Each structure stands twice: as C-alpha cells, then as structure tokens.
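Let me begin by presenting the structure, written as structure tokens, before commenting on it.
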Amino acid sequence: MSNSDERHGPGVTDPSVRTGAQGPGTLWPGALPGHVPDHPPEAPRQRADAARNRRQILEAARRLFGEGDPRSVTMDQIAKAAGVGRATLYRRFPDPPAIAVALLDEHERRLQGQLIYGPPPLGPGAPAPERLAAFYLAATDLLEQHLPLALGAETGSARFATGAYGFWRVHVLALLKDADVADPDAVVDLLLAPVAPDLYQFQRHVRGLSRERIALSLSWSARQLLGGAGAL
C-alpha cells in the first residue's frame, strides 16, 4: 500500500489532487499534498479580463456622464455602453454614483495632497482666511473641469457620505478652529455648501455666472468671514 493509501484508505486519492479541466491527477498550482484549497487560484487571464472590464466600465460611464444629466444615467445604460453583462457590472459597482466616485477619486486625491503637502496658501503656512480662499479657488476649478462626475457622485444627501466630503470637512474645520471661530462645528458645513456640485451647476449653467466670478466671490467671503472670526 502506498503512503497515500495509508493516509486516506484504499482507493482514495490524495484530496489535493484534482481532476477535471486540469486533467486527471494534476495538482492545482501551489497546492500541497494533503491540503484541499477552497478553489483554484485565479488565472492570469481572468485577472486581465477583470481589469479590462473595469476600464471599459469606467470609460463608458465617463462618456455617459458627460453626454447628459449624470443623475439620470442608469446601470443598464452603462453595461450596454461598456459591452459587459449586468452581473459583471454589479460585481464591481453597486450603482452609478459609485462609478462616478471612482472616476472622480483621482482628481480629488490630487487636491487633498496639495492641501496637506502643497505650498501656501493652499497648503500649510498661510493664515486661515487665505487658506480657505485658496481652497475655494481650487474647489471651483475641480468642479469646472469635472462637473459631470461630481454631479453623478456628490449630489443630495449622497454628498455627505463620500470620503472627499469628509476630507474637506476636516480641512475647513481645522481652519475655523485656527481662526478662533466660536462654534466651528455649526459653521463648517455652511462653508462647504457653496461648492456643492448642484449649486455650482445652477450658478454656472442656469444663472450664467463665470467660474472666475464664482471663485472670486467665494474668496472674498472667506476673507470676510474668517478675517473677523471672533464675532461669529
């Protein structure tokens, strides 16, 4: 009797030896005798297919968000435009806003890095009113360049649940505390309201205000509000 038969009984093959597509008596890559893996490791081709599907989904969603109202884009439309099945799409993203968040993430992370490590006044080293004014300028620039994505990801109550909003809130809250605002927790969301994507869309595309006009008015407001912050 072989060693395998001694461990597993007569006629019982070592359970780490699988049959089927790999061929009879073939070990899955990385399997050890006596060990039964839960499932075979993902093949490189499967990983490449998954990466390709993700790229197709993101590119299709980017086009759709830019062609009309991003808030009306559906998962069916994205799946069809990407050339993937609904199951494939839902395995990666639960809804259109999640796809918009993924597309917007790269640009928001760049701004976050500038707030932490960049030169003043956007980065550390400038007075709080100047830093808030610089943040408004950068935020309106981000909205100007990527408004369809922002509308798809950060409108209504969904805005408050995003990681980006949480980051902006921590940043502005710190500026309010630096300026000795009496009740910074009550003020911080008010100061973030002017850079909500749907408000920016209304000002730019319904009221017809220029990006420069909006940004300058916000910068002026920042200096007025925090310049005499002790009175707030």
Side-chain angles (χ1 to χ4, degrees), residues 42-115 122 135-172 189 192-215 217-218:
E42 186 180 26
R45 180 176 178 179
Q46 290 175 306
R47 292 194 294 270
D49 288 346
R52 185 188 67 247
N53 287 339
R54 178 181 170 83
R55 287 194 301 270
Q56 290 176 192
I57 290 167
L58 293 177
E59 285 306 312
R62 191 194 304 275
R63 291 195 305 271
L64 290 171
F65 288 143
E67 290 172 358
D69 186 346
R71 292 160 292 190
S72 67
V73 173
T74 67
M75 292 293 270
D76 283 342
Q77 290 174 319
I78 294 171
K80 183 177 179 180
V84 302
R86 284 170 50 88
T88 297
L89 178 59
Y90 277 102
R91 274 198 300 271
R92 286 157 179 79
F93 301 100
D95 49 36
I99 302 175
V101 168
L103 288 166
L104 193 59
D105 183 67
E106 172 189 350
H107 310 293
E108 291 180 328
R109 284 182 181 275
R110 186 176 301 116
L111 176 53
Q112 291 167 9
Q114 293 171 341
L115 292 172
L122 189 57
F135 168 71
Y136 279 147
L137 290 173
T140 54
D141 187 55
L142 182 69
L143 288 171
E144 183 70 19
Q145 294 183 46
H146 306 291
L147 184 59
L149 297 181
L151 287 169
E154 300 177 353
T155 56
S157 60
R159 180 182 185 227
F160 306 115
T162 63
Y165 187 84
F167 187 97
W168 311 143
R169 196 178 192 282
V170 168
H171 174 67
V172 174
D189 297 299
L192 287 169
V195 288
D198 42 358
L199 176 58
Y200 187 81
Q201 181 196 40
F202 173 76
Q203 290 183 304
R204 283 285 285 119
H205 302 292
V206 178
R207 300 296 299 166
L209 301 178
S210 68
R211 179 260 170 187
E212 290 75 15
R213 191 173 171 187
I214 296 170
S217 67
L218 289 175

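Note that the structure is predicted; figures quoted are calculated from it, not measured.
Residue L115 holds its CG atom at 7.5 Å from CD of Q112, rounded to the nearest 0.5 Å. The structure places CG of L64 at 11.0 Å from NZ of K80, a figure rounded to the nearest 0.5 Å. A distance of 8.5 Å separates CG in L218 from CG in L137, rounded to the nearest 0.5 Å. With values rounded to the nearest 0.5 angstrom, Y200 atom OH is found 7.0 Å from H205 atom NE2. With rounding to the nearest 0.5 angstrom, the CD atom of Q203 is 6.0 Å from the CG atom of L209. The line from CG of L89 to CD1 of I57 is 5.0 Å long, rounded to the nearest 0.5 Å.
Within the structure, ring-ring contact (aromatic ring centres under 6.0 Å, His included) pairs that include any residue of residues 76-113 comprise H107-H146 (at least two apart or interchain). Listed by first and then second residue, the salt bridge (charged side-chain N to carboxylate O under 4.0 Å, His left out) pairs involving residues 62-71 are E59-R62, D69-R71 (not counting sequence neighbours). The list of salt bridge (charged side-chain N to carboxylate O under 4.0 Å, His left out) pairs with a residue in residues 83-100, not counting sequence neighbours, reads D76-R86.
For the pair L151/Q201, a side-chain contact is recorded, criterion being any heavy-atom separation below 4.5 Å from C-beta on. Annotation: side chain of L143 is in contact with side chain of P197 (closest heavy-atom distance under 4.5 Å). By the 4.5 Å heavy-atom criterion applied to side chains, V84 and Q56 are counted as neighbours.
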### Message
Set out, in order, the CA-CA distance, both residues' side-chain angles and the distance that settles side-chain contact (heavy atoms from CB on, under 4.5 Å) for V170 and F167, then state yes or no.
### Response
CA-CA 5 Å; V170 168; F167 187 97; 5.9 Å; no

### Task
Run the numbers on D189 and Y165 for side-chain contact (heavy atoms from CB on, under 4.5 Å), then give the verdict.
CA-CA 10 Å; D189 297 299; Y165 187 84; 2.6 Å; yes

Quiz: residues 98-105 side-chain donor-acceptor pairs under 3.5 angstrom, not counting sequence neighbours:
from, atom 1, to, atom 2, distance (Å)
D105, OD1, R109, NE, 3.2
D105, OD2, R109, NE, 2.7

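Minimum heavy-atom separation, L199 to P194: CD2-CA, 3.7 Å. Shortest non-hydrogen contact noted between A215 and T140 is CB-OG1, 3.5 Å. Across all their heavy atoms, R159 and A193 have their closest contact at NH1-CA, 4.2 Å. The two atoms that bring R52 and D49 nearest to each other are NH1-OD1, 2.9 Å, heavy atoms only. For the residue pair A153 and A158, the shortest heavy atom distance occurs at O-CB, 4.2 Å.
Donor-acceptor pairing under 3.5 Å is lacking for the side chains of D141 and Y136.
For the ring-ring contact (aromatic ring centres under 6.0 Å, His included) test, residues two or more places apart in sequence or in another chain that qualify with F135 are W168, H171. With sequence neighbours left out, the side chain to side chain donor-acceptor pair (under 3.5 Å) criterion links R213 to no other residue.
Crowding of R169 atom CZ: a count of heavy atoms from other residues, nucleotides or ligands under 6.0 Å exceeding 12.
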